[in-house]
Amino acid sequence: MRLLIVEDNEELAELLAKGLKTAGYEADMLSTVEEARAVLSTTFYAAMILDLGLPDGDGLELLREIRQRDNPIPVLVLTARGGLTDRVHGLRSGADDYLVKPFALEELIARLEAQLRRPGQLLGSNLRIANLAFDTQNRQASIDDQPQVLSARETAVLELLMRSKGRVVSKKQVEDHIFGHSGEVASNAIEVYVHRLRKQLSERGARVQVHTIRGVGYLIAEEK
Ligand code: CA
């Protein structure tokens, strides 16, 4: 699972990357808003750790921008600012969670893992493609505004696909999302869940298609 760290304090960024690696995550490190903006438009990350005070701008601006582009990546904000107003402001700009510096690495990893398991838990947002919607707060799918009952794993697959709309999700990402990075998974398990989800969506009249991009992964899109 690949994460993005945007933090201009090199020492802290390296400490985070090292700690995350020990916990089983690969992390790329960037130190400016501009670099992050460029990389986020082309690369899929499972989550982002974002410092607010960056040399070329405010992390919150970047956050607002990516949310405006409907990028639902879970974002954990790091802030040195102690004022409650700033924190609330940050969350409203689309952060999923925040930590005030200094913090313990264990805490960061725990918060991050909570976000990876249940993205959008704090912020909550309604993701939509055609007549299919997914509420990330209640983890509820609906078709034509009618709530749908799906199994826990179908829901997890759908959530990841919806949060990554417009981008291909690799089989490995689906696997990590459902089972965590330590799970033992049968080789065809992901295909089975995707197949079931596809069938459920089609039977219930969702005007979306879950495409299999051979050798790459899956992509959800409006039915053409
Ligand atoms: Ca900083």
Side-chain angles (χ1 to χ4, degrees), residues 1-125 127 136-137 160 163-167 169 173 176-177 180-181:
M1 200 179 274
R2 206 160 157 210
L3 308 173
L4 180 62
I5 300 171
V6 186
E7 166 61 75
D8 62 319
N9 180 334
E10 247 175 75
E11 213 175 310
L12 176 59
E14 271 165 28
L15 197 76
L16 291 178
K18 217 171 141 188
L20 289 167
K21 202 177 167 94
T22 311
Y25 303 97
E26 288 297 325
D28 291 344
M29 291 179 284
L30 297 175
S31 59
T32 65
V33 171
E34 200 188 331
E35 289 169 323
R37 187 181 286 136
V39 163
L40 283 167
S41 65
T42 56
T43 312
F44 178 92
Y45 288 97
M48 168 163 69
I49 297 164
L50 176 66
D51 180 36
L52 291 189
L54 293 166
D56 61 337
D58 191 329
L60 287 181
E61 276 168 43
L62 176 69
L63 191 55
R64 267 192 292 270
E65 263 177 51
I66 64 171
R67 294 303 189 220
Q68 269 161 16
R69 290 202 306 266
D70 280 341
N71 183 340
I73 179 175
V75 176
L76 179 60
V77 160
L78 302 182
T79 176
R81 303 167 192 178
L84 184 65
T85 326
D86 278 347
R87 294 183 223 169
V88 171
H89 188 56
L91 289 169
R92 287 202 181 129
S93 309
D96 293 272
D97 201 358
Y98 65 87
L99 277 171
V100 178
K101 296 177 187 177
F103 52 83
L105 190 59
E106 292 73 25
E107 166 130 45
L108 176 120
I109 291 171
R111 299 273 198 101
L112 194 64
E113 292 194 324
Q115 283 310 315
L116 292 171
R117 275 195 305 274
R118 295 198 59 180
Q121 197 176 10
L122 289 180
L123 180 69
S125 62
L127 307 170
T136 59
Q137 195 155 24
L160 183 62
R163 291 188 71 98
S164 312
K165 66 177 174 177
R167 283 165 299 159
V169 178
Q173 283 160 359
D176 286 346
H177 186 65
H181 53 279

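Numbering starts at 1 and runs along the sequence shown. Both ligands and their constituent atoms are indexed starting at 1 by order of listing.
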For this session: Could you please compute the angle at the Ca ion (ligand 1) from O of Gly53 to OD1 of Asp8, rounded to 10°?
Result: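 If I round to 10°, I get 80°.
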For this session: Begin with the C-alpha distance, continue with both residues' side-chain angles, and end with the deciding distance and a verdict on side-chain contact (heavy atoms from CB on, under 4.5 Å) for Leu76 and Asp96.
Result: CA-CA 6 Å; Leu76 179 60; Asp96 293 272; over 6 Å; no
Problem set entry | Glu14/Lys18 ion pair, N-O < 4.0 Å |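 Not counted as a salt bridge, because no side-chain N and carboxylate O are separated by less than 4.0 Å.
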Exercise. Which residue, Leu4, Leu20, Val75, forms the side-chain contact (heavy atoms from CB on, under 4.5 Å) with Ile49?
Worked result: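 Option passing the side-chain contact (heavy atoms from CB on, under 4.5 Å) with Ile49: Leu20.
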Problem set entry | Identity of the N, O or S atom of Asp51 lying closest to the Ca ion (ligand 1) |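 Looking at Asp51, the N, O or S atom with the least distance to the Ca ion (ligand 1) is OD2.
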Exercise. How many angstroms lie between atom CZ of Arg67 and atom CG of Leu62, to the nearest 0.5 angstrom?
Worked result: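 Going from CZ on Arg67 over to CG on Leu62, the span is 10.0 Å.
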Exercise. For the Ca ion (ligand 1), does an N/O/S atom of Glu7 lie at less than 3.0 Å?
Worked result: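 False for Glu7.
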Exercise. Near the Ca ion (ligand 1), is there an N/O/S atom from Leu52 that is less than 3.0 Å away?
Worked result: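 Checking Leu52: none of its N, O or S atoms is under 3.0 Å.
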